[in-house]
Undergrad: 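This is the structure I have questions about; it appears just below.
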Amino acid sequence: MTAVSDQVIAQQATEPDIATQSAMFRSRKADPRAVVDGLLDKADAANPALNAFITITRDLARHQAAASAERYAAGTPLSPLDGIAVAVKDFYDTAGIATTAGFRHFRHRVPEADAAMVTRLRDAGAVLIGKTNMDALGMATTGRESAFGPVANPWSGRHVTGGSSSGSAVAVATGLCFATVDTDAAGSARLPAAICGLAGFKPSYGVLSGEGILAGEPADPAILALAHVALQARTAADVALVFETLSQRSAVPKRDPIRIAAAANIPVHAQMQEGFDAAMETLAEISVLAAPVTLPLEMATFDISAVEEHRAAADDLMFAACDVVVLPTLAEPAPTIVEAERLGASAVRQDNVFFANYFGLPAITVPMGTDSSGVPTGLQLVGRAGKDELVLALARAFQAAYADRVPAPFFSPSNQ
């Protein structure tokens, strides 16, 4: 991997949001083939420094883009994702393409069948541009534990990206693709999304299928019970569109007032306090503010013997007086690489995110501000199980209202 300086690849994506790109394809103002060719060229130039991709699927992407262009010419696109360049975490099996999970013993593991989410993407007409780098077997939170080398943080060469879905976050943040399909068993998508200034969404447990994640390989039952399919994109609006397409559910709920509550027993780091206070002020303007809620964090462990009982009780435990709990995504600012080497593979703490995995709740992170080093921080919205659309609607409304409070080079609807 090429050495990364403090100034490496601090670039914004220049592509429009997904809905706009799709509309441009429909109106023939843009061609999927040209867009994908441009992204492949950009990935070839940037990936040696970023290390976001383990595999760039050039031939497949060009073939899929050409098929998409034909459908648009015939007026028969398959979905709003038709022709949209996406990537998948290298946990997901891809037929005839290596799926390694960032693990050295799987370097030459080539599945015969696609994972369920890869099939969904293909059926929606999306263009698979590559398989993203990740902490080996998803067992770290820094983005530096892959057998294929560490992933570089595009905003600061001194800081980690977060993990384990590190390559996905960097690929989206630097405009190498529009969205990614990831996993999140203990914050694996939300942590890097927060650190890289993105929207990262973990739907309710089981809403999206994890079938075909390292199919045939042994898996810890606890991980199977906690792991969720997850999505990353530049904004909550983009995430909602991808979720709607893959889940075949509407991402627009009824327009009832949404009751929000801060998490009473989650301390806010001093470097995030100003951003969190500003975010709460904005949320109070667009929703109904309820009394703070004490989260049952002591229940959330890797002992899953009572997980179903606890999930059934989650509404009474957390949502008796609110619809959405609000808290910072990160327990503390992103560590530097030097700090991560000292603290170990779990240097990016999971304190604020893991409970949502344990209770199977929909949770999204959106940009909230920056820490003293200028590295992004995230605001997390967590809702009742099954209320994915409500969480996404609130996240979209928050980003629209908060856009001018999030400074460049963050990706917000106001600077696309």
Side-chain angles (χ1 to χ4, degrees), residues 9 11-48 50 52-53 55-88 92 94-97 114 117-132 154 167-181 198-199 231-246 248 251 411-416:
I9 318 291
Q11 63 186 43
Q12 280 188 301
T14 56
E15 292 76 20
D17 60 27
I18 293 175
T20 301
Q21 184 70 81
S22 179
M24 291 172 67
F25 289 154
R26 287 178 182 272
S27 65
R28 311 299 296 280
K29 292 179 180 178
D31 187 305
R33 292 166 295 191
V35 172
V36 167
D37 281 343
L39 293 175
L40 288 171
D41 289 345
K42 189 175 180 180
D44 285 339
N47 201 56
L50 295 173
F53 292 103
T55 302
I56 297 175
T57 51
R58 296 174 185 83
D59 292 343
L60 175 62
R62 289 187 172 115
H63 172 77
Q64 291 179 330
S68 177
E70 291 180 1
R71 289 191 293 271
Y72 278 109
T76 57
L78 298 174
S79 81
L81 292 186
D82 206 328
I84 300 297
V86 301
V88 297
Y92 287 87
T94 40
I97 300 168
D114 286 332
M117 284 297 99
V118 177
T119 299
R120 284 281 183 93
L121 288 169
R122 184 186 65 229
D123 291 347
V127 174
L128 181 63
I129 201 167
K131 307 290 296 293
T132 55
S168 291
V170 172
V172 174
T174 55
L176 304 183
C177 63
F178 287 86
T180 58
V181 175
L198 307 175
L231 309 170
Q232 294 187 68
R234 278 181 275 165
T235 65
D238 277 357
V239 162
L241 191 152
V242 176
F243 173 74
E244 185 176 50
T245 303
L246 296 182
Q248 299 179 335
F411 303 111
S412 69
S414 67
N415 66 11
Q416 291 306 304

Undergrad: Any non-hydrogen side-chain atom of L40 less than 4.5 Å from a side-chain atom of R62?
TA: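 They are in contact (side-chain heavy atoms under 4.5 Å apart), so the answer is yes.
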Undergrad: Work out which heavy atom in A124 is nearest to a heavy atom in T245; give both atom names and the distance.
TA: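 Minimum heavy-atom contact is CB-CG2, 3.8 Å.
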Undergrad: Do I18 and P80 have side-chain heavy atoms sitting under 4.5 Å apart?
TA: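 No, too far: nothing below the 4.5 Å cut-off.
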Undergrad: Any non-hydrogen side-chain atom of V127 less than 4.5 Å from a side-chain atom of V86?
TA: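 V127 vs V86: side chains apart.
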Undergrad: Do the non-hydrogen side-chain atoms of F25 and D82 ever get within less than 4.5 Å of each other?
TA: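 The answer is no; the side chains never approach within 4.5 Å.
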Undergrad: Locate the shortest heavy-atom distance separating A171 from A52; write the atom from each residue and the value.
TA: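 Minimum heavy-atom separation between A171 and A52: N-CB, 4.1 Å.
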Undergrad: Please report the shortest heavy-atom distance between T132 and S168, naming the atom on each side.
TA: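 Looking at all heavy atoms of both residues, the closest pair is OG1-OG, 2.7 Å.
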Undergrad: Could you give me the CA-CA distance, side-chain angles and deciding distance for V181 and V118, then say whether side-chain contact (heavy atoms from CB on, under 4.5 Å) is met?
TA: CA-CA 9 Å; V181 175; V118 177; over 6 Å; no
Undergrad: Apply side-chain contact (heavy atoms from CB on, under 4.5 Å) to the pair D44 and R58, showing each step before the final yes or no.
TA: CA-CA 10 Å; D44 285 339; R58 296 174 185 83; 2.5 Å; yes
Undergrad: Supply the atom-to-atom distance Q21 CD to I84 CD1, rounded to the nearest 0.5 angstrom.
TA: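 Between Q21 CD and I84 CD1, I get 5.0 Å after rounding to 0.5 Å.
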Undergrad: Which atom pair, heavy atoms only, marks the closest approach of A87 to C177?
TA: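 Shortest heavy-atom separation between A87 and C177 comes out as CB-SG, 4.0 Å.
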Undergrad: For the backbone of L128 and the side chain of T57, can you confirm whether one donor and one acceptor N or O come within less than 3.5 Å of each other?
TA: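 The answer is yes, because a donor-acceptor pair under 3.5 Å joins these two groups.
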Undergrad: Rounded at 0.5 Å granularity, tell me how far NZ in K131 sits from CD1 in I97.
TA: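 Output value for this atom pair is 6.5 Å.
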Undergrad: Check R234 with D17, please: is the shortest side-chain N to carboxylate O separation under 4.0 Å?
TA: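 No.
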Undergrad: How close do Y72 and R26 get, heavy atom to heavy atom, and via which atoms?
TA: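 Here Y72 and R26 meet closest at CE2-CG, 3.6 Å.
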Undergrad: Closest heavy-atom contact between A233 and L198?
TA: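 So the two residues come closest at O-CB, 3.4 Å.
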Undergrad: With side-chain contact (heavy atoms from CB on, under 4.5 Å) as the test, would you mind laying out the steps for L39 and V35 before giving the verdict?
TA: CA-CA 6 Å; L39 293 175; V35 172; 4.2 Å; yes
Undergrad: Is there a donor-acceptor pair under 3.5 Å between the side chain of S68 and the backbone N or O of Q64?
TA: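 No, because the side chain of S68 does not come within donor-acceptor range (under 3.5 Å) of the backbone of Q64.
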Undergrad: Is any side-chain heavy atom of L50 closer than 4.5 Å to a side-chain heavy atom of L176?
TA: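 Yes, their side chains come closer than 4.5 Å.
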Undergrad: Counting only heavy atoms from other residues, nucleotides and ligands, does the tally under 6.0 Å from CG of D41 exceed 12?
TA: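 Above 12, so yes.
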Undergrad: With a 4.5 Å limit on heavy-atom distance, are the side chains of M24 and T20 in contact?
TA: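 Yes, side chains in contact.
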Undergrad: Check whether any side-chain heavy atom of F53 sits under 4.5 Å from a side-chain heavy atom of I129, and report yes or no.
TA: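 Touching, per the 4.5 Å side-chain cut-off.
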Undergrad: I want to check something: taking the side chain as every heavy atom from C-beta on, are V88 and M117 in contact at a cut-off of under 4.5 Å?
TA: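 Of all side-chain heavy-atom pairs linking M117 with V88, none is under 4.5 Å.
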Undergrad: Measure the OH-CG distance between Y92 and L121 for me, rounded to the nearest 0.5 Å.
TA: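 Separation between the atoms: 9.5 Å.
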Undergrad: Say you draw a straight line from CZ of R122 to CG of L78; how long is it, rounded to the nearest 0.5 Å?
TA: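 Output value for this atom pair is 11.0 Å.
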